[in-house]
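Basis for what follows: all heavy atoms, side chains included, without hydrogens, waters or symmetry-related copies.
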Amino acid sequence: MPTRIIDLAAKSQEIKENEMPAALIYLGERAPVRDWQELFFVAVKCLYTEFPDTINSLCSTDPTRTLFLRTNTIEMECPKKIAPIIYLETRRTPAQIVKAIKIIFNRAGIRNPKMQIEVYEPLYEENFSLPPVETFSPPKKKFKNQKPVLHLNQTIEEMLAALDAMENYPQKNSKVVLPHEENFGKVEPTVFGSLFFVLEGERYGPFDNEKNRYVALMQCLAELYPYQILKEAGHHINSQHRLTLMKGGSYLYFREPVELPNNLFLDKDFPDRVLVENERYYLSRCGLHFETVMFGA
């Protein structure tokens, strides 16, 4: 079947709705694809390995905006997981997909991207009537039977309403601990010095010491709030006049380095008092309050 090449470095590309992609070509390597959704996923997944900061900066946790990259799947039609908490909305038209890929290159400062799309020449005229394809014609959203969601962007009233709705919704296996669940309220093991924290409804612990809790908390924050944590790399200096978080190979002078997601490294060699100070700082940068997250036995 004859094909043609769409070069993303060109200023304008003519894309027909009845064309189907054959492959994605990047830096001379050709990756066959089945449809536009798979091409979009492969392209963004590939770009994330090169420009993680750019992808993170394009994410939004605001559920009122319609974006193609998000840190959760709320309001998304056909999400695909790009990173631990980064999802791509693949239900887009061919023109929207090409535009989104070019946005990523522009944000990364790449003016002449070495990426091309190989498409099949259409076998029928563009005005030929075909049955609607779900990939290009997303159905209207239905909210009546939508699963209730609990997240940090909600108001108190919205959270209470979501909790009430969850009691009537068929429950699946989940790690989220909610007040109405069967095991809630059981006595925790009374181990001296045991520490816990609760983040986005999930309880973590017990931890035998403050260092272990600090490392676990920072790993969670680096996954749940990657953009906020990445911005703090190399900037936070605590009361001991030492940096606590660095990116890449700059961690070499850390006394006890611990690797976090997104090529971040954390120094955990601090007294407990300073570790609590560090926890307060990073929680505040993520819009969280220490008193509502941290619990100690």
Side-chain angles (χ1 to χ4, degrees), residues 52 55-65 67 69-76 79-89 143 146-186 188 194-207 210 212-232 245 258 260-262 264 266 275-276 278-297:
I55 301 293
N56 289 330
S57 67
L58 286 169
C59 293
S60 172
T61 56
D62 183 359
T64 63
R65 299 181 64 188
L67 301 176
L69 282 166
R70 297 179 60 83
T71 56
N72 54 55
T73 58
I74 300 172
E75 305 279 334
M76 296 185 80
K80 296 290 184 182
K81 195 172 184 179
I82 298 297
I85 58 161
I86 298 180
Y87 300 91
L88 174 72
E89 177 58 270
F143 298 98
Q146 187 178 7
K147 182 178 178 180
V149 178
L150 186 68
H151 58 89
L152 295 178
N153 291 334
Q154 293 174 321
T155 63
I156 297 298
E157 292 76 10
E158 290 172 339
M159 288 184 178
L160 293 175
L163 289 174
D164 292 338
M166 286 177 182
E167 294 183 355
N168 300 323
Y169 195 89
Q171 295 296 319
K172 298 181 180 179
N173 294 332
S174 174
K175 296 181 181 179
V176 179
V177 178
L178 297 172
H180 63 272
E181 290 190 349
E182 182 179 357
N183 294 329
F184 184 82
K186 287 188 177 180
E188 300 288 351
S194 295
L195 300 169
F196 303 82
F197 67 88
V198 178
L199 199 59
E200 291 201 355
E202 186 171 351
R203 189 181 185 106
Y204 299 84
F207 303 102
E210 187 66 45
N212 291 342
R213 183 178 77 168
Y214 177 54
V215 172
L217 173 68
M218 292 301 296
Q219 288 174 338
C220 290
L221 293 180
E223 292 181 355
L224 296 173
Y225 303 91
Y227 185 52
Q228 291 87 337
I229 297 300
L230 279 168
K231 289 197 302 183
E232 297 303 321
L245 187 70
V258 177
L260 301 180
N262 297 319
L264 291 174
L266 178 77
L275 291 177
V276 173
N278 296 346
E279 290 171 340
R280 285 182 178 274
Y281 175 82
Y282 286 111
L283 285 170
S284 67
R285 303 307 294 174
C286 296
L288 304 172
H289 297 285
F290 180 87
E291 289 75 10
T292 60
V293 174
M294 294 301 182
F295 296 90

Side chain proximity check, [X] to [Y], heavy atoms < 4.5 angstrom:
| X | Y | answer |
| --- | --- | --- |
| Cys220 | Tyr204 | yes |
| Glu232 | Tyr281 | yes |
| Leu221 | Leu199 | yes |
| Phe197 | Phe207 | yes |

Mind checking the [atom1]-[atom2] spacing from [X] to [Y]? Nearest 0.5 Å is all I need.
| X | Y | atom1 | atom2 | answer |
| --- | --- | --- | --- | --- |
| Arg280 | Leu288 | CZ | CG | 13.0 Å |
| Ile229 | Leu264 | CD1 | CG | 8.0 Å |
| Leu69 | Leu88 | CG | CG | 5.5 Å |
| Leu217 | Tyr282 | CG | OH | 11.0 Å |
| Leu224 | Glu200 | CG | CD | 5.0 Å |
| Arg285 | Lys231 | CZ | NZ | 7.0 Å |

Exercise for the section: Mind running side-chain contact (heavy atoms from CB on, under 4.5 Å) on Leu195 and Asn212 for me, showing each step along the way? Expected result: CA-CA 9 Å; Leu195 300 169; Asn212 291 342; over 6 Å; no

Problem - Asn262 to Pro226 - nearest heavy-atom pair and separation - result: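 What the structure gives for the nearest pair is ND2-CB, 3.6 Å.
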
Handout entry: Atom of Val276, atom of Phe290 and distance for their closest heavy-atom approach
Key =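 Nearest heavy atoms, Val276 then Phe290: CG1-CZ, 3.7 Å.
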
Exercise for the section: Mark yes or no: Arg203 above the aromatic ring of Phe196, with NZ or CZ under 6.0 Å from the six-membered ring centre and no more than 45 degrees from the axis. Expected result: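 Pair Arg203/Phe196 counts as cation-pi.
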
Problem - With sequence neighbours excluded, residues passing side-chain contact (heavy atoms from CB on, under 4.5 Å) with Pro79 - result: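 Per chain and number, Pro79 pairs via side-chain contact (heavy atoms from CB on, under 4.5 Å) with Thr73, Met76, Tyr87.
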
